[in-house]
Trainee: 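I am attaching a structure below and will ask some questions about it afterwards.
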Amino acid sequence: MKTAVVLLPGLNRDRDMIAALTKISGKAPVTAWQTDTEIPDVDLIVIPGGFSYGDYLRCGAIAARTPVLRAVAEKAAKGVMVMGVCNGFQILLEAGLLPGALMRNASLKFVCREVKLSVANANTAFTRNYPPGQVIRCPVAHHDGNYFADPETLKRIEGEGQVVFRYAEGTNPNGSVNDIAGIVNDAGNVLGLMPHPENLIEPAHGGSDGRALFEGVLAAERRAA
Amino acid sequence: MTIKARVTVTLKNGVLDPQGKAIEGALGTLGFGGVNSVRQGKVFDVEIDGSDKDKAEAELKAMCEKLLANTVIENYSVAIV
């Protein structure tokens with residue numbers, strides 16, 4: 001099981017992500033820097049969280065136009081699994097690999113807390129290890145996580161089961177439409193989510209609710225290989 | 001020759017603007033009455049080499065589509081000044 005982590009100036013959750021991937025896959029991920037035009041053959045590419053390029057212009061906007069993101073898009077088009085967390089989600093949206101946009105939190109405040117997430121679609125490679133409708137705990141830390149899509153796009157992604165995680169039990173921290181916390185693309189191989197599952201994978205974290213996500217996608221790829 | 005242009009990027013109608021709302025509230029606090037709506041946007045002043053204004057305008061529109069605006073949530077306009 002091979003994984004890659006995309007590194008960009010201003011990201012700050014890359015070490016957490018590398019630690020989680022190493023622990024769960026048993027092997028340290030390779031890393032790809034902003035100027036890299038190719039990413040080695042891996043089963044899963046992860047764009048971690050942070051504040052790439054200082055959130056200048058719009059969150060993720062500059063990162064989405066870097067050479068390494070073109071390489072990510074090429075891999076995604078070939079069916080390689082791609083996951084973006086927090087700023088990684090913003091980058092995937094800005095790169096056009098996922099539909100919609102993330103806007104300033106409705107409260108205008110940075111939120112750093114634990115939320116509840118319900119698994120809205122357990123029939124994806126990323127969520128297959130969760131029972132449908134399961135509610136898990138997960139930390140969030142962001143200023144721009146307010147998901148928005150025009151009514152037509154929203155209807156389409158809801159109808160196609162592309163909404164995979166929703167904020168549950170009244171914990172929507174940012175005003176996202178339909179409590180959307182995470183979505184997949186129509187092919188199902190690209191996931192973006194605001195919460196940080198990599199920060200809840202072992203008892204020392206205070207829980208391991210995020211672990212099944214990584215185990216699901218890594219096991220899915222093992223079976224296919 | 002340098003062509004100077006101003007690109008204005010604004011949120012589309014129907015897209016919530018919590019920052020605009022906060023500014024609207026602050027204006028009320030300062031005693032400005034009758035402010036019905038504030039929408040926050042961005043302005044880019046761009047200077048481009050050349051003298052062909054039509055070409056520059058087309059180039060600026062391409063810049064908006066590719067980077068300066070997120071057309072999922074924003075509109076843009078280009079004015080050669």
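So you know, we letter chains A, B, ... as the sequences are listed, proteins then strands, and number each from 1.
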Trainee: Are A/Phe126 and A/Val164 close enough, and set up right, to give a side chain to side chain contact (heavy atoms under 4.5 Å, CB included), and what steps lead you there?
Mentor: CA-CA 9 Å; A/Phe126 298 97; A/Val164 296; over 6 Å; no
Trainee: Contact part of A/Leu108 toward chain B, heavy-atom cut-off under 4.5 Å: side chain, backbone, both or neither?
Mentor: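 When you check distances to chain B, only side chain atoms of A/Leu108 fall under 4.5 Å.
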Trainee: What's the shortest heavy-atom distance between A/Pro197 and A/Leu213, and which atoms?
Mentor: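 For A/Pro197 versus A/Leu213, the nearest heavy atoms are CG-CD1, 3.9 Å.
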Trainee: Between B/Val9 and B/Phe44, is the side chain to side chain contact (heavy atoms under 4.5 Å, CB included) condition met? List the steps.
Mentor: CA-CA 8 Å; B/Val9 175; B/Phe44 303 87; 3.7 Å; yes
Trainee: Name all residues meeting the side-chain contact (heavy atoms from CB on, under 4.5 Å) criterion together with B/Ile48; count only those two or more places apart in sequence or in a different chain, and write none if there are none.
Mentor: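 side-chain contact (heavy atoms from CB on, under 4.5 Å) check on B/Ile48 returns B/Val46, B/Ala56, B/Leu60, B/Met63.
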Trainee: Any idea which heavy atoms bring A/Cys86 and A/Gly49 closest together, and the distance?
Mentor: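 Between these two residues, the closest heavy atoms are CB-CA, 4.1 Å.
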Trainee: Using a cut-off of under 4.5 Å for heavy-atom pairs, which of B/Val15, B/Leu11, B/Leu67 has the most such pairs with chain A?
Mentor: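 Heavy-atom pairs under 4.5 Å are most numerous for B/Leu67.
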Trainee: What closest approach, in Å, do A/Val190 and A/Leu97 show between heavy atoms, and which atom pair accounts for it?
Mentor: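 Scanning both residues completely, I find the closest heavy atoms to be CG1-O, 4.3 Å.
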Trainee: Check every N and O of chain B against chain A and note each donor-acceptor pair under 3.5 Å, with its distance.
Mentor:
| unit_1 | atom_1 | unit_2 | atom_2 | d |
| --- | --- | --- | --- | --- |
| B/Lys42 | NZ | A/Leu57 | O | 3.2 |
| B/Lys66 | O | A/Arg65 | NE | 2.8 |
| B/Lys66 | O | A/Arg65 | NH2 | 2.8 |
| B/Leu67 | O | A/Arg58 | NH1 | 3.1 |
| B/Leu67 | O | A/Arg58 | NH2 | 2.8 |
| B/Leu68 | O | A/Arg58 | NH1 | 3.0 |
| B/Asn70 | ND2 | A/Glu94 | OE2 | 3.3 |

Trainee: Which atoms of A/Ala106 come close to chain B, meaning under 4.5 Å heavy atom to heavy atom: side chain ones, backbone ones, both, or neither?
Mentor: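 Looking at A/Ala106, just its backbone touches chain B.
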Trainee: Determine the minimum heavy-atom distance between A/Cys138 and A/Leu117, stating which atoms define it.
Mentor: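 Smallest interatomic distance, heavy atoms only, reads CB-CD1, 3.8 Å.
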